[in-house]
Amino acid sequence: MCNRRMLVSLLVLMACCASVAPAQSTPGQLPGTAMPTITSVPSGAQASPNFNADTATDAYLALIPPEAKARSDAYFEGGYWLILWEFVWLAAAMLILLNLRWSAGMRNLAERITRFKPLQTLIYLCEFTIAVTVLTFPLTVYEDYFREHQYGLATQTFGPWMVDQLKSLLVNLVLGGILGMVLFGVVRRLQRSWWLWGAGVSIVFVVVVVLIAPVYLVPIFNKVTRLDDPKVTQPILRLARANGIPARDVFEIDASRQTTRMSANVSGFGHTMRITLNDNLLRRGSPEEIQAVMGHEMGHYVLHHIYNSIFFFAVVIVVLFAYFRWALDASLKRWGETWQIRGIGDTAVLPLAVLLLAIFIFVMTPVLNTFTRTQEHEADMYGLNASRQPDGFAQAAIHLGEYRKMSPGTLEEWIFYDHPSGRHRIHDAMVWKAQNLNVAQPQSAGAP
Ligand SMILES: [Zn+2]
């Protein structure tokens with residue numbers, strides 16, 4: 001599941017330039033670069049008295065054609081640089097808004113339009129969101145459109161992609177507008193304790209967005225339907241009930257509208273919590289693979305990962321606001337006059353806040369990734385025990401290798417991976433299999 005991406009997005013959205021956009025787009029796999037669909041367990045990974053987890057892991061990895069591996073490595077390693085370029089680009093955009101005094105100009109314009117403070121804030125937020133969207137558009141279009149197509153991951157032509165971009169701009173305007181008006185209201189009224197109240201408001205905002213996202217935000221970009229093929233749903237619902245999950249439905253999302261990536265997730269909480277499989281997984285995954293993935297998603301559910309994440313990000317948000325209080329004061333003392341910003345209650349301060357937020361997220365990347373990756377590992381182990389499909393899980397790890405490098409170094413995985421690497425996941429599955437040779441299901445990809 002990708003709750004980290006969503007929550008990080010929410011952190012950025014708090015400064016109203018985030019993206020609640022669907023996971024990036026993309027399609028037509030080039031021949032020889034798609035990860036293989038394995039129709040029978042490789043001989044080195046077959047259950048036998050001599051079964052060895054390391055040998056079995058290598059046997060699975062050996063099934064990946066060299067071109068597919070090269071492409072996957074290049075795609076994922078390019079992503080490391082993109083973290084840096086995104087940071088540099090956004091920082092440059094914010095410095096332009098500050099140093100050319102465009103931010104002060106946008107505030108002045110809002111003040112000329114109305115004398116009503118909250119409305120001035122809203123007008124400024126709209127100007128700012130549009131300015132940031134335009135200034136960062138070249139990188140967005142490269143990263144989310146051209147690069148995804150280049151790696152055969154995107155399915156959209158430019159027109160529909162652009163429509164999705166406009167939709168996410170509107171979502172950002174609405175959510176960013178609401179949060180921004182409340183936050184600036186708090187800052188203006190509570191000169192000393194604004195950072196604590198601001199953190200509180202932001203946490204409530206994150207909780208509300210997580211709650212409404214599956215029902216109100218996701219359908220803006222994709223069609224979510226109840227899955228009604230009993231051949232698929234019955235084993236899943238059986239597995240769910242056996243794990244104490246009162247599920248009546250499984251949902252399907254038409255992710256193939258944007259991408260060829262296979263995925264599934266648990267989203268929302270309380271009454272909106274649901275397990276969703278994407279149509280790429282349903283189309284390309286074997287029954288064993290789908291059950292292994294569902295076991296993983298159920299792990300997120302049973303282990304309360306959404307609540308844990310909310311708690312974790314609540315702590316991160318409080319730390320963020322403490323840092324804001326210190327860094328905004330210090331920066332304004334030094335450059336406030338140059339940038340024509342009157343104080344922290346002045347909306348023109350927003351580019352500075354976003355710049356500070358970008359630095360915070362950039363530095364925190366390994367911490368945020370490690371938090372998420374740890375949960376994903378827990379869900380992996382839960383899923384293996386629940387589904388008893390180690391070979392199905394190994395297949396899933398290989399399919400996911402289309403967009404995630406399979407065999408990173410230890411430090412590389414610690415810094416950049418928000419999920420365990422494919423090699424790691426296959427090894428976990430094979431260790432599980434080694435310890436459960438008597439219970440592992442006989443596997444050949446078409447077996448029920
Ligand atoms: Zn997950």
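Order of listing sets the numbers, starting from 1, for every ligand and every atom in it.
A salt bridge links Arg261 to Glu148: at least one charged side-chain nitrogen sits closer than 4.0 Å to a carboxylate oxygen.
Among the atoms of His296, an N, O or S atom falls under 2.8 Å from the Zn ion (ligand 1). Residue contacts to the Zn ion (ligand 1): His300 brings an N, O or S atom closer than 2.8 Å.
Under the side chain to side chain contact (heavy atoms under 4.5 Å, CB included) test applied with Arg274, the options Tyr301, Phe251, Phe269 reduce to a single match, Phe251.
Between Tyr145 and Phe158, the distance separating the two ring centers is shorter than 6.0 angstrom.
For the Zn ion (ligand 1), the nearest N, O or S atom contributed by Glu376 is named OE1.
Between Phe87 and Phe362, the ring-plane angle classifies as parallel under the 30° and 60° cut-offs.
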